[in-house]
J.: 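Input: one structure, supplied below.
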Amino acid sequence: MANGKLIVVCQSGGKFTTNADGTLSYSGGDAHATSLTLNTKFDDFKSEISDMWKYDLHSLSIKYLLPNNKRTLITISTDRDILRFLEFHEDSASADVYVMTPSPPAPSDATSLPCSRSSHTMPNGPVSPIDAPTDYLPDEPIFPVDAPMDFLPDAEDAGKQKTPQISSWKSCITGVGQTFNTRRELHEALDKFSLAHGFHYTLKNSDGRRFCTRCKAEGCPWFFIAPKLSTTKLFRIKKMNDTHTCGVGSIRASASRKLVASIVKEKLRDTPTYKPQEIIDDIRRDLGIELNYAQAYGGIAAALEELQGSHRTAYNQLPLLCGKILETNPGSAAILNTKEDLSFHRIFVAFHASLYGFQNGCRPLLFLDCTSLKSKYRGELFTATALDGNNVIFLVAFAIVDVLSDDNWHWFLEQLKTVLSMSPEITFVADMKKEMSESLSLVFPNCFHGYCLHQLTESLKRKFKGSLTLEVVRVLISEFHSAAYAPTAEGFKKCIGTIKNISPEAYEWVLQTEPEHWANAFFKGARYNHLKSSVTESFCDWVSDLPAMPITQVIETIRRKLMEFIYTRKMDSDQWSSNLTPSAEENLQRSLVNSRSLEVVLSHSSCFKVRDTLDMINVVNLENWDCSCREWQINGLPCLHAVAAIEHVGKNVYDYCYRYFTTEAFKVTYSESINPIPPLDRCMKRESSPVLVHPPCVTRPVGRPKERKYALKSNQAVKRTLQCSKCKKLGHNKRKCKQSA
């Protein structure tokens with residue numbers, strides 16, 4: 001993308017075909033060229049494309065294929081989508097987009113309707129799967145699911161002036177002989193038909209065998225009867241009087257919960273965070289229908305249940321899901337636990353690709369973290385995350401548990417031990433809680449437990465908030481971090497000496513936190529200078545941004561995310577030409593540059609004395625791969641003193657880097673793939689779950705929480721109880737004493 005500008009080739013009028021390998025190819029049609037920059041707005045881009053072919057502005061949709069994935073079409077519908085598109089093609093000079101319309105283009109002299117677009121923006125939602133879409137029909141026209149509906153602003157005269165979409169609903173019910181696939185399809189058609197014509201209906205004598213309805217207005221003869229055809233699910237209109245005497249069209253339209261769900265379902269598919277108020281505004285503008293908040297909220301709930309399935313039913317699908325994970329991804333682990341009453345307790349998942357990548361390509365370093373899930377039945381997500389050779393997070397295993405507890409953490413570590421039984425000594429970065437330390441020492445006897453520096457910092461803030469000024473606390477935190485990262489005991493002592501001069505109480509607190517578990521100078525394990533479990537913050541933020549969805553959908557969304565990680569990083573590494581990963585190569589090159597000012601003053605066998613610019617002497621031992629500055633041992637890459645010694649003897653500096661940072665190890669990390677899991681709804685029809693699993697007993701309380709908004713802190717003074725000076729009783733003062741009345 002030269003000079004911040006990307007050449008965009010806009011194609012339209014052709015069609016997609018599916019190749020033998022599942023990739024998509026576009027052929028036919030014609031093309032126009034334009035350009036995009038970081039400042040281009042979606043509305044401007046869409047208007048320009050509309051002018052190219054004289055398309056209706058409201059019916060066209062814009063899609064593109066990812067650079068390394070020709071199987072999934074991505075929609076551009078917001079300014080944020082434009083930025084993502086530019087980001088994906090930042091290394092390209094040009095890119096293709098495909099312009100599609102559900103209907104033939106409007107004549108050149110047609111009057112364009114005013115643009116109507118939702119006020120919300122697209123979130124960083126779940127990632128589209130890399131595997132080819134199963135329901136995609138490339139030879140058929142593609143209808144944009146997130147394209148805004150055409151609308152006419154005058155919604156007051158609903159009977160005289162209908163939007164194009166509502167006008168099309170007038171033919172939902174045509175007359176005797178019309179057949180519907182299901183009762184629900186018939187009911188939905190009736191809802192749309194009544195809205196388009198402006199009347200209310202009522203159901204009478206309707207059951208599973210027949211569907212009978214009539215106009216709700218007294219004396220109006222309109223009605224129809226549609227019995228169910230025997231041995232099928234079809235309903236066919238047998239009798240109908242299509243005459244209204246009630247002044248049809250004069251009644252203000254209203255929408256049922258199911259109809260609202262059918263309208264917003266496709267929008268929710270791409271925008272799971274669609275808000276009720278946004279739905280109210282969009283439907284009022286696009287359809288001229290007034291909804292209240294309860295109707296919109298109910299429509300969202302019904303639509304999400306159709307798209308994602310029932311939250312309650314999802315728990316009963318967990319045994320089947322575990323079986324499918326093991327079946328489609330051999331070597332994986334999927335363990336489900338229930339309580340005595342068969343309610344959900346916890347589930348552990350580790351895919352073979354993740355286990356293989358960690359054990360063969362990653363450093364033996366794991367970060368333990370926990371994130372709360374948005375769900376009807378709540379839940380906590382436990383994660384064990386590693387870092388690949390390029391210092392990017394690599395999820396090894398995860399679990400969903402009913403509540404956050406020490407018992408659930410211990411169980412998670414036990415399952416982790418089972419799947420990592422052949423791994424070397426592992427270093428964990430986790431909370432400094434006593435229960436966590438005990439569980440780690442019991443489950444992984446030879447492991448090293450590094451306390452999370454972020455959590456220690458938060459404890460320091462809470463400890464001295466109020467007793468010390470904010471500026472003093474900031475200085476303490478700065479010195480505390482310097483002490484933690486100091487590679488030598490001398491550097492550590494210097495930093496905590498400063499803390500002691502500022503606050504003796506803070507100094508004592510630092511010593512009580514067991515520095516051997518968090519200070520680089522004393523820690524026995526290998527953390528590679530990663531002292532915080534918050535390195536996984538990006539993944540936790542992504543999980544936190546997920547909308548409320550059933551538990552099976554949460555697991556499937558994480559699986560797709562992992563599948564995308566493996567695919568994209570495997571493609572990226574194919575472009576690397578260096579021996580080390582980009583981040584490691586950058587650090588090594590920095591050491592190479594800085595080492596040029598150093599002097600190797602004495603060498604004996606494999607030991608060297610290196611003098612730096614401050615006339616300090618550091619001892620390097622090439623045989624043991626260590627330096628007295630301890631940076632080499634801590635980071636895993638030769639420090640500037642080691643680089644000077646290595647070049648002094650004419651050896652290759654790359655031979656002294658830990659193998660975890662090599663491009664070869666990185667490719668091994670992502671050498672295995674995660675396979676798709678078949679839809680559980682289809683499997684449930686053929687197979688019965690061996691165990692009935694109920695949702696957990698912990699449910700979200702209804703209404704506003706009863707706790708105080710600002711809870712009383714432990715170090716906060718309790719408010720003094722009033723005591724009357726007249727009667728000496730508690731709870732009131734002299735002014736409000738009843739005895740003085």
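Atom set for the values below is all heavy atoms of this structure, side chains included, hydrogens, waters and symmetry mates excluded.
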J.: Within the side chain of S578, is there an N or O that forms a donor-acceptor pair under 3.5 Å with the backbone of L580?
T.: yes
J.: I need the single residue from L637, N587, T662 that forms a side chain to side chain contact (heavy atoms under 4.5 Å, CB included) with C657. Which is it?
T.: L637
J.: Would you say that F661 contacts F666 through its side chain, given a criterion of any heavy-atom pair below 4.5 Å between the two side chains?
T.: no
J.: Determine which pairs satisfy salt bridge (Lys or Arg N to Asp or Glu O under 4.0 Å) with at least one residue from residues 445-459, sequence neighbours left out, and list them in order.
T.: E458-K461
J.: Contact between P319 and V693 at the side-chain level, heavy atoms closer than 4.5 Å - yes or no?
T.: yes
J.: Roughly how far, to the nearest 0.5 Å, is OG of S310 from OH of Y315?
T.: 10.5 Å
J.: State, yes or no, whether a side-chain contact exists between H410 and V443 at a heavy-atom distance under 4.5 Å.
T.: yes
J.: For R312, look at atom CZ and say whether over 12 heavy atoms of other residues, nucleotides or ligands are found less than 6.0 Å away.
T.: no
J.: Salt bridge (Lys or Arg N to Asp or Glu O under 4.0 Å) for R363 and D388? Distances and angles first, verdict last.
T.: CA-CA 7 Å; R363 290 157 277 183; D388 62 24; 5.5 Å; no
J.: State, to 0.1 Å, how close G389 and S583 come at their nearest heavy-atom pair, and which atoms those are.
T.: O-OG, 3.9 Å
J.: Please round to the nearest 0.5 Å and tell me the distance separating atom CD of E438 and atom CG of D406.
T.: 9.0 Å
J.: A quick test of your reading: do over 12 heavy atoms of other residues, nucleotides or ligands sit less than 6.0 Å from OH of Y297?
T.: no
J.: Would a distance-only check, ignoring hydrogens and angles, find a side-chain to backbone donor-acceptor pair under 3.5 Å from T581 to T663?
T.: no
J.: Does the side chain of D402 come under 3.5 Å of the side chain of N408 through a donor N or O and an acceptor N or O?
T.: yes
J.: Working note: I325 + I677, criterion side-chain contact (heavy atoms from CB on, under 4.5 Å); need CA distance, chi angles, decisive distance, verdict.
T.: CA-CA 7 Å; I325 290 175; I677 298 173; 3.5 Å; yes
J.: Quick one, K324 with E327, criterion salt bridge (Lys or Arg N to Asp or Glu O under 4.0 Å). Give me CA distance, side-chain angles, the key distance, then yes/no.
T.: CA-CA 5 Å; K324 291 301 177 183; E327 178 184 327; 3.5 Å; yes
J.: Let me see the working for L453 and H481 under side-chain contact (heavy atoms from CB on, under 4.5 Å), right down to the final yes or no.
T.: CA-CA 8 Å; L453 183 61; H481 284 193; 3.9 Å; yes
J.: Considering all heavy atoms of both residues, which atom of V668 and which atom of Y356 are nearest to each other, and what is their separation?
T.: O-CE2, 4.0 Å
J.: Distance check, rounded to the nearest 0.5 Å: S671 atom OG versus N360 atom CG?
T.: 7.5 Å
J.: If we ignore hydrogens and angles and just use 3.5 Å, is the side chain of T568 paired with the main-chain N or O of E564 as donor and acceptor?
T.: yes
J.: Do R560 and T557 get their side chains close enough for a donor-acceptor pair, meaning under 3.5 Å?
T.: no
J.: Would you call Y64 and L73 a side-chain contact if the rule is heavy atoms closer than 4.5 Å?
T.: no
J.: Counting distance only, does the side-chain N/O of S332 pair as donor-acceptor with the main-chain N or O of N329 below 3.5 Å?
T.: yes
J.: Are any side-chain N or O atoms of E278 and backbone N or O atoms of K275, one a donor and one an acceptor, separated by less than 3.5 Å?
T.: yes
J.: Quick check against the 3.5 Å criterion: does N446 have a side-chain atom that pairs as donor or acceptor with the backbone of E425?
T.: no
J.: Hey, would you say the F412 and F348 ring centroids sit under 6.0 Å apart?
T.: yes
J.: Any donor and acceptor pair, going by atom type alone, linking the side chain of T385 with main-chain N or O of I393 inside 3.5 Å?
T.: no
J.: Starting from the C-alpha separation in whole Å, work towards a yes-or-no answer on side-chain contact (heavy atoms from CB on, under 4.5 Å) for T427 and Y528.
T.: CA-CA 10 Å; T427 297; Y528 300 89; over 6 Å; no
J.: Give the intermediate values and the outcome of salt bridge (Lys or Arg N to Asp or Glu O under 4.0 Å) for residues R569 and D572.
T.: CA-CA 5 Å; R569 293 171 188 174; D572 290 343; over 6 Å; no
J.: Roughly how far, to the nearest 0.5 Å, is OG1 of T669 from NZ of K667?
T.: 12.0 Å
J.: Report yes if the side chains of D79 and L83 come closer than 4.5 Å at any heavy-atom pair, otherwise no.
T.: no
J.: Determine the minimum heavy-atom distance between Y485 and K532, stating which atoms define it.
T.: OH-CE, 4.2 Å
J.: If you compare all heavy atoms of A334 against all heavy atoms of L326, which two are closest, and at what distance to 0.1 Å?
T.: N-CD2, 3.9 Å
J.: Looking only at atom types and distance, does a side-chain atom of S343 sit under 3.5 Å from a main-chain N or O of K339, one as donor and one as acceptor?
T.: no
J.: So does I634 get a backbone contact from the side chain of N529, meaning a donor-acceptor N/O pair under 3.5 Å?
T.: no
J.: Between W518 and F480, does the ring centroid distance fall short of 6.0 Å?
T.: yes
J.: Any donor-acceptor pair under 3.5 Å linking the side-chain atoms of T383 with those of D369?
T.: no
J.: Supply the atom-to-atom distance I566 CD1 to I674 CD1, rounded to the nearest 0.5 angstrom.
T.: 4.0 Å
J.: Do the two ring centres, one from F428 and one from F444, sit under 6.0 Å apart?
T.: yes
J.: Does the pair E87/R84 count as a salt bridge with the N-to-O cut at 4.0 Å?
T.: no
J.: For the ring pair H449 and Y451, is the centre-to-centre distance below 6.0 Å?
T.: yes
J.: With distance as the sole test, does S354 use its side chain to make a donor-acceptor pair with the main-chain N or O of L395 at under 3.5 Å?
T.: yes
J.: Output, in order, the C-alpha distance, side-chain angles, deciding distance and verdict of salt bridge (Lys or Arg N to Asp or Glu O under 4.0 Å) for E414 and K417.
T.: CA-CA 5 Å; E414 287 180 334; K417 172 69 173 179; over 6 Å; no
J.: For a quick check under 3.5 Å, do T75 and K63 share a side-chain donor-acceptor pair by atom type?
T.: yes
J.: Can you tell if the side chain of L387 reaches within under 4.5 Å of the side chain of H530, non-hydrogen atoms only?
T.: yes
J.: Tell me if the centroids of the rings in F565 and F394 come within less than 6.0 Å of each other.
T.: no
J.: So do V401 and F382 actually touch side chain to side chain, heavy atoms under 4.5 Å?
T.: yes
J.: Any side-chain heavy atom of L355 within less than 4.5 Å of one from V396?
T.: yes
J.: Considering only NZ, NE, NH1 and NH2 on the basic side and carboxylate oxygens on the acidic side, decide whether R346 and D407 come within less than 4.0 Å.
T.: yes
J.: State the CG-CD1 distance between L373 and I551, to the nearest 0.5 angstrom.
T.: 8.0 Å
J.: What verdict does the side-chain contact (heavy atoms from CB on, under 4.5 Å) test give for N520 and R527, after you've listed the backbone C-alpha separation in whole Å, the side-chain angles of each residue and the deciding distance to 0.1 Å?
T.: CA-CA 9 Å; N520 273 340; R527 292 177 296 180; 3.2 Å; yes
J.: What is the minimum heavy-atom distance between I347 and W411, and which atoms define it?
T.: C-CH2, 3.9 Å
J.: How about Y98 and F16: are their ring centres within less than 6.0 Å of each other?
T.: yes
